[in-house]
Amino acid sequence: MLLIWRYLLLQYFQVLSLSTVAFVAILLTTRFDEIAHFAALGAAGSHIIWFIVSQIPYILPIVIPISSLIASLLLIQRLSQTHELTALRASGWAIRDILYPILIAAAFIALLNFYIVSELATNSHLQASLLKKELRSINPLLLLNNKHLMRVKGAYFHAMGNSRVGEFAKNALFAMPSKQNNRIQLMIAKSLHADSVLFIGNSVTNMTTLPVENGESFDHFVVENLEKTMTPIQDFSLIFQRNVFSLSNDHLKLSLLIYRMKEQALHLRQPDLLREEMKQLQKQQNRSYAEIIRRFSLAIAVFSFTLMGCAFGMNISRHRSNKGVVFVIALAVFYLISYFTAKGIEHHLFSATLLYLIPHLLILGISSFILYRVSRGIE
């Protein structure tokens, strides 16, 4: 028995590892835009390599279930086509005895996948986000070209001449609301560029307003022309660094996510909450619960996909058929569609929970029914 188990597990893990490496390589290409944007921030080569490596734990939780499906499907199909499955059953092995080592291995991999999605992926995602934030704060021209950051701060930047992100900008226009009054501060520069220490502007015009005295019905408008201006990079970056980065549920390990849920529950118990504040807190709490269910869904997917591959990979008739592969693809696509749909509506906890869990119940039910029929010789 141990020899047969070792043979089955060896074949299963060989295909699993090869599929995992192939899918990671393929999915990394879909993140080339993000990697290229990070490289454009002026990061060192070691930081770029680390950033690429940090994307892998974020991809693995989806890759591992699909790889386990392919590994189990190909293994059982090969056992059926080479009549090894028939020989094992003729020797007194039941279907469940043949599948035990594969399903036990899938259960352990499911635990590993939960650890990856809850601990490794969250930590790597957080570190990558912090590194991007740090690089943006170092170079003012990168800050100015960050459209999301500009919207948050209510500012506007546009280079009407030649420019290169992170290096220089010509005929630049920068507008930002004033903290002292409801007015706009405007800066026009013939050229802007940044070195390691200073933010340098040439032929700069600053337009600002002074505070209005009591009784005055007009603004004091000030225009300042400078041939050259130099500002320390750290001073300029401080304008944008506050209240920009926030921790999402994707950044939190399981223990920290549970702590956040407890904190949200305490806030909801406060008697003086306004109705809108309560609704907002309830949505945040729903997202936290849905995040935990999402992580369990990815972990369970390894076992359910492996069982599905075993069930649909079996062929006990004389004629080969590809119907099983079609059903496998349909069920896998159904799970992925449900998963990404649920991720987009996590503030609706009940709907998200159904979308995360119903595909597993469907896959496990159909797969168990097929194995029950095959064990009784029904195709």
Side-chain angles (χ1 to χ4, degrees), residues 1-23 60-114 116 297-336 359-379:
M1 181 180 290
L2 291 178
L3 182 62
I4 299 298
W5 279 33
R6 189 165 55 188
Y7 170 74
L8 294 173
L9 289 175
L10 179 62
Q11 300 301 316
Y12 175 74
F13 279 111
Q14 279 182 348
V15 180
L16 176 66
S17 57
L18 289 174
S19 300
T20 301
V21 172
F23 276 113
L60 278 178
I62 286 289
V63 169
I64 291 177
I66 298 175
S67 299
S68 65
L69 169 61
I70 294 173
S72 60
L73 181 67
L74 293 180
L75 172 59
I76 301 300
Q77 275 187 339
R78 190 160 64 82
L79 290 177
S80 298
Q81 293 170 5
T82 58
H83 305 294
E84 292 175 275
L85 183 63
T86 304
L88 288 172
R89 295 187 68 191
S91 302
W93 285 61
I95 294 292
R96 63 177 180 273
D97 297 327
I98 300 171
L99 299 185
Y100 269 154
I102 303 172
L103 296 179
I104 291 173
F108 280 106
I109 297 173
L111 294 176
L112 175 63
N113 202 37
F114 182 76
I116 292 173
S297 176
L298 285 174
I300 298 170
V302 178
F303 183 85
S304 60
F305 275 35
T306 300
L307 182 63
M308 178 170 61
C310 293
F312 285 98
M314 286 191 179
N315 184 15
I316 60 174
S317 69
R318 296 180 180 180
H319 307 287
R320 295 182 183 179
S321 175
N322 293 323
K323 291 182 181 179
V325 177
V326 174
F327 280 108
V328 164
I329 294 174
L331 288 172
V333 170
F334 173 66
Y335 170 77
L336 293 175
H360 291 299
L361 298 177
L362 186 63
I363 290 171
L364 292 173
I366 293 175
S367 301
S368 300
F369 177 70
I370 290 174
L371 290 174
Y372 175 80
R373 287 170 58 88
V374 170
S375 66
R376 279 156 178 74
I378 305 172
E379 181 67 30

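Predicted model only: the values in this text are computed from it and were never measured.
Two residues are said to be in side-chain contact when any heavy atoms from C-beta on lie closer than 4.5 Å; F23 and I64 fail this criterion. Using a 4.5 Å heavy-atom threshold, the side chains of S297 and Y335 count as touching. When side chains are defined from C-beta on, M308 does not count as touching I366, because their heavy atoms never get closer than 4.5 Å. Put simply, the side chain of S68 does not reach to within 4.5 Å of the side chain of I109, judged on heavy atoms. Between C310 and I102, the closest side-chain pair of non-hydrogen atoms falls below 4.5 Å.
Here CD1 of I70 is found 9.5 Å from CG of L16. Values are rounded to the nearest 0.5 Å. In this structure, CD1 on I104 lies 9.5 Å from CZ on F303, to the nearest 0.5 angstrom. A distance of 8.5 Å separates CD1 in I300 from CG in L364, rounded to the nearest 0.5 Å. Within the model, atoms OG of S19 and CG of L74 stand 7.0 Å from one another, a figure rounded to the nearest 0.5 Å.
By the side-chain contact (heavy atoms from CB on, under 4.5 Å) test, A94 is found to be paired with R96, D97, residues two or more places apart in sequence or in another chain being considered. In this structure, the ring-ring contact (aromatic ring centres under 6.0 Å, His included) partners of F114, at least two apart in sequence or on a different chain, are F296. Checked against side-chain contact (heavy atoms from CB on, under 4.5 Å), L112 has the following partners two or more places apart in sequence or in another chain: I116. Listed by chain and residue number, T20 satisfy the side-chain hydrogen bond (donor to acceptor under 3.5 Å, both in side chains) test with S67 (two or more places apart in sequence, or in another chain). Residues satisfying the side-chain contact (heavy atoms from CB on, under 4.5 Å) test with L88, not counting sequence neighbours, are I4, W93, I98.
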Practice prompt. Begin with the C-alpha distance, continue with both residues' side-chain angles, and end with the deciding distance and a verdict on side-chain contact (heavy atoms from CB on, under 4.5 Å) for R89 and T86.
Written response: CA-CA 5 Å; R89 295 187 68 191; T86 304; 5.9 Å; no

Discussion item. Please determine whether side-chain contact (heavy atoms from CB on, under 4.5 Å) holds for the pair Q77 and L85, giving the CA-CA distance in whole Å, both sets of side-chain angles, and the decisive distance to 0.1 Å.
Written reply: CA-CA 9 Å; Q77 275 187 339; L85 183 63; over 6 Å; no

Practice prompt. Go through the steps for I95 and V374 under the test side-chain contact (heavy atoms from CB on, under 4.5 Å), then give the verdict.
Written response: CA-CA 8 Å; I95 294 292; V374 170; 4.3 Å; yes

Item to complete: Given side-chain contact (heavy atoms from CB on, under 4.5 Å), test F312 with V325 step by step and report yes or no.
Response: CA-CA 7 Å; F312 285 98; V325 177; over 6 Å; no

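Looking only at distances, a side-chain donor or acceptor of N113 sits under 3.5 Å from a matching main-chain atom of L298. For the pair S368 (side chain) and G365 (backbone), a donor-acceptor distance under 3.5 Å is absent.
S304 and H360 make their closest contact through OG-ND1, 3.1 Å (heavy atoms, listed as atom of the first residue, atom of the second, distance). Of all the heavy atoms in A110 and A299, the pair that sits closest is CB-O, 3.1 Å. Across all their heavy atoms, I76 and G313 have their closest contact at CG2-C, 3.6 Å. S367 and A311 make their closest contact through O-CB, 3.6 Å (heavy atoms, listed as atom of the first residue, atom of the second, distance).
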Name every donor-acceptor pair, under 3.5 Å, that has one atom in a side chain of residues 7-14 and the other anywhere in the protein, sequence neighbours excluded.
residue, atom, partner, partner atom, Å
Y7, OH, E84, OE2, 3.2
Q11, OE1, R78, NH2, 2.7
Y12, OH, T306, OG1, 3.2

